[in-house]
2 protein chains.
Amino acid sequence: MMDPVSAQNRRGDTALKILAAARDVFSERGFAGTTVDEIARRAGVNKATLYYQIGDKQTLYAGVILDVMGSAADTTASEIQNATSPEEKLRTYIRNVAEAMDRNPWMPPIMLREMAAGGRNFPETVVLGLARIFTILGEIIAEGVRRGVFVPAPPPLIHLMIVGAFAFFKTSAPLRERQAGLGGDWPAGEDRVSGTVATEVERLVLRALRKTPGEAG
Amino acid sequence: MMDPVSAQNRRGDTALKILAAARDVFSERGFAGTTVDEIARRAGVNKATLYYQIGDKQTLYAGVILDVMGSAADTTASEIQNATSPEEKLRTYIRNVAEAMDRNPWMPPIMLREMAAGGRNFPETVVLGLARIFTILGEIIAEGVRRGVFVPAPPPLIHLMIVGAFAFFKTSAPLRERQAGLGGDWPAGEDRVSGTVATEVERLVLRALRKTPGEAG
DNA sequence: GCCTTTTTCAACCAAAAGTTTAAACTAACC
DNA sequence: GGTTAGTTTAAACTTTTGGTTGAAAAAGGC
């Protein structure tokens, strides 16, 4: 009998290779647009191995969704703790979303396609993660309002504006390259979002939320 | 020989029926996810008729894209003229995007999926329309800055925030129904965007752009 | 050398999908 | 009423795809 540890390792290795390839292809072509053969080809693995290791296309996709969309909530939640003022928390929040998308470039396309499908393929844990993010944002804003530095605003809308801007910006790289003027001041080929873009979004969102001196509320 | 008029009419009729069905199915399932059979079935037409009238799946999809994404720029451009102040123009801009999405519910899913694909299927005219919208928004902001009522801001980012918020809100209706707390204060089942949502976005964007009394710039 | 797990190879199947062909139908026109 | 161009249909054809299988080979610890 094979050593269970190294057996586990080998199993884990190929499974990870397959997951990574699936993540690539699914994020490029969407669920219906990808073929299992293509995933196996890119993973450098036989199709039968893929079925042996993981299962059918649906199972594979579910794994990718969880992998790509699942981690966002946790990291955001933990990092917010370190910030002190509501302004800093909000900045951290925005910067976190931006960094998550740069670190995880598969997220924007998959998120866009899944939202186009009404999010019906999101597993329960992902939806709960989303709800938690909204709660966090809601608490940040509520605290700001309580302290008299923010005006009230609907958290889901703020979140959608932030995420929408980042996701669209990232996926629009080919468009910006194709048509001058679509990118504004950004240098062509820049598809990172945690730099200038995030700074700009921070500025805009904070201007929108910050209570101006003399404002009622 | 058939009367060319009624012939044209019949041809136009079935072609429109097919286009409408294609629009429905493509917006629900995306390009790769839809079958030509399903389109023909929903159009109440034989599959061969579809090929006779329009062509293959690609051609059909190109027609839908043009139909769904093509009109946005023109209507926006014309309506902006009527507004006077930069503030009013910006409000009109935002309200226009919102109304376009309510009037044309196929747009958000198709836009999201196409953006996920890097906009590579957008025909030239659609991309030019997008560029024109950015130009319009840029002029509104520039005028506001010149008159001392706005602070400078990157037009593409503003646009992406607006469109992102609206598109995500519209497609997230099933998610909001599934999970309480995702919708904030909005009543469940409300998926219109040109009402409260647009008002809220107007408020936020104007707060972000408006120069506060005493602000330099 | 034996045994278990893993991977490959090849083929297969059934279902589905895109496309085409030839025949049937429709309606104006002589 | 028959002709004819335009239109629609039924049915087939071709290719692709997802899924499965069975046997063989490789890998690697014992």
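Numbers restart at 1 for each chain; the letters A, B, ... are given by sequence-line order, proteins then strands. Computation of the quantities below employed the complete heavy-atom set of this structure, encompassing side-chain atoms and omitting hydrogens, waters and symmetry-equivalent molecules.
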Could you state the CD1-C1' distance from A:I39 to D:dT17, rounded to the nearest angstrom? 13 Å
B:I54 CD1 to D:dT7 P, straight-line distance once rounded to whole Å: 13 Å
So what does A:T49 hit on the nucleic acid, given a heavy-atom distance under 4.0 Å: a base, only sugar-phosphate, or nothing? base
Less than 4.5 Å apart, any side-chain heavy atom of B:R113 and any of A:L112? no
Quiz item: cation-pi between A:R178 and B:F122, 6.0 Å / 45°: no
Of the nucleotides C:dG18, C:dC9, D:dA10, which one has an atom closest to the side chain of A:N46? C:dC9
Across the strands shown, which category fits A:T59 at heavy-atom distances under 4.0 angstrom: base, sugar-phosphate, nothing? nothing
Ring center gap for A:W106 and A:F26 short of 6.0 angstrom: no
Rounded to whole Å, how long is the line connecting atom CD of B:Q58 with atom P of C:dA17? 16 Å
Taking the minimum atom-to-atom distance to the side chain of B:K57, which one of D:dG19, C:dG18, D:dG6 wins? C:dG18
Would you tell me whether A:Q53 and A:T14 have side-chain atoms, one donor and one acceptor, within less than 3.5 Å of each other? yes
5'-most by nearest nucleotide on DNA chain D - B:A48 or A:K47: B:A48
Return the value, rounded to whole Å, for the distance between atom CG of B:D37 and atom C1' of D:dT9. 14 Å
Which of these nucleotides, D:dG19, C:dC9, D:dT7, is closest to any side-chain atom of B:Y52? D:dT7
Please report the distance, rounded to the nearest Å, between CG in A:L50 and P in C:dT8. 11 Å
Atom-pair distance (NZ on A:K17; P on C:dT6), nearest Å: 14 Å
Could you please name the option among D:dT7, D:dG19, C:dG18 that lies closest to any side-chain atom of A:Y51? D:dG19
How many Å lie between CD on A:Q53 and P on C:dT5, as a whole number? 13 Å
Contact under 4.0 Å: A:T14 side-chain N or O vs C:dT7 OP1/OP2: yes
Distance check needed: D:dG19 P versus A:L60 CG, whole Å only. 10 Å
Indicate whether any N or O donor in one side chain lies under 3.5 Å from an N or O acceptor in the other, for B:T49 and B:N46. no
